[in-house]
Amino acid sequence: MKKTFLILGAVVIFMASFSKADLAKEKTVIATATTTNHAAFQSNPGEKLINKSDCLGCHNKTNKIIGPAYVDIAKKYPATEKNINMLADKIIKGGTGVWGNMPMTAHATLKKDDAKLMVKYILSLKKK
């Protein structure tokens with residue numbers, strides 16, 4: 001009887017060790033696939049910066065929330081170096097009056113090059 005319980009216990013432990021290993025491997029595969037798929041939707045560096053920032057609290061790609069939609073900004077401003085610099089400065093310093101009375105929060109810690117990447121992405125959304 002003791003041998004039966006000992007063998008049964010060993011079989012249960014043996015089977016449990018395989019299921020945990022398979023589960024861990026499965027989680028790794030799912031996490032890798034999710035990261036890969038998510039990265040495919042965010043191939044633009046400017047878009048990645050926007051998604052990591054607080055921009056989405058006030059802006060949306062296609063719909064006005066508090067601030068204008070990105071596609072509306074792209075319609076208003078041609079993608080010239082002058083506009084890219086001006087809009088990057090506006091992101092960093094904040095502003096008001098262009099799209100209404102609601103002020104845009106300053107993002108003083110944002111690097112100018114990062115702000116320019118964000119602007120270039122936004123202006124790339126212009127429908128032709």
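Side chains are part of it too, since the values below use all heavy atoms of this structure and drop only hydrogens, waters and symmetry mates. This is a predicted model, so every value here is computed, not measured.
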Practice item. Start with the C-alpha gap between Lys120 and Ile84, add the side-chain angles, then the distance that decides, and say whether side-chain contact (heavy atoms from CB on, under 4.5 Å) holds. Key: CA-CA 7 Å; Lys120 286 177 183 178; Ile84 291 168; 3.8 Å; yes
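For the pair Ser53 and His107, the minimum side-chain heavy-atom distance is 4.5 Å or more. Val98 has its side chain within reach of Lys76: a pair of non-hydrogen atoms, C-beta onward, lies under 4.5 Å apart. Residues Tyr70 and Cys55 have side chains in contact (heavy-atom distance under 4.5 Å, counting atoms from C-beta outward).
Evaluation of the side-chain contact (heavy atoms from CB on, under 4.5 Å) rule for Ile65 yields Asn60 as partners, not counting sequence neighbours. Qualifying salt bridge (charged side-chain N to carboxylate O under 4.0 Å, His left out) partners for Lys112, counting only residues two or more places apart in sequence or in other chains: Asp89. For Asp72, the salt bridge (charged side-chain N to carboxylate O under 4.0 Å, His left out) partners are Lys75, not counting sequence neighbours. Partners of Lys90 according to the salt bridge (charged side-chain N to carboxylate O under 4.0 Å, His left out) rule, which considers only residues two or more places apart in sequence or in another chain, do not exist here. Scored by the salt bridge (charged side-chain N to carboxylate O under 4.0 Å, His left out) test, Lys93 finds no partners at all (sequence neighbours excluded).
Salt-bridge formation is detected for the pair Lys116/Glu81: a Lys NZ or Arg NE/NH1/NH2 atom is positioned less than 4.0 Å from an Asp or Glu carboxylate oxygen.
For Lys111, the NZ atom is loosely surrounded, since the number of other residues' heavy atoms within 6.0 Å does not exceed 12.
For the atom pair CG (Leu125) and OG1 (Thr62), the distance works out to 10.0 Å, reported to the nearest 0.5 Å. With values rounded to the nearest 0.5 angstrom, Ile92 atom CD1 is found 11.0 Å from Leu87 atom CG. We find the CG-NZ distance between Leu117 and Lys48 to be 11.0 Å, quoted to the nearest 0.5 Å. Here the straight-line distance linking atom CG of Asp113 with atom CG of Leu49 works out to 10.5 Å at 0.5 Å rounding.
Side-chain atoms of His59 never come within 3.5 Å of backbone atoms of Ala69 as a donor-acceptor pair (strictly under, hydrogens ignored). Under the 3.5 Å distance criterion, the side-chain polar atoms of Asn83 are left unmatched by any main-chain donor or acceptor of Tyr77.
Applying the side-chain hydrogen bond (donor to acceptor under 3.5 Å, both in side chains) definition to pairs two or more places apart or across chains, none involves residues 95-104.
The same ILVMFWY cluster, assembled from side-chain heavy atoms under 4.5 Å apart, contains both Met86 and Ile50.
When every heavy atom of Leu123 is checked against every heavy atom of Ile73, the shortest pair comes out as CD2-O, 4.1 Å.
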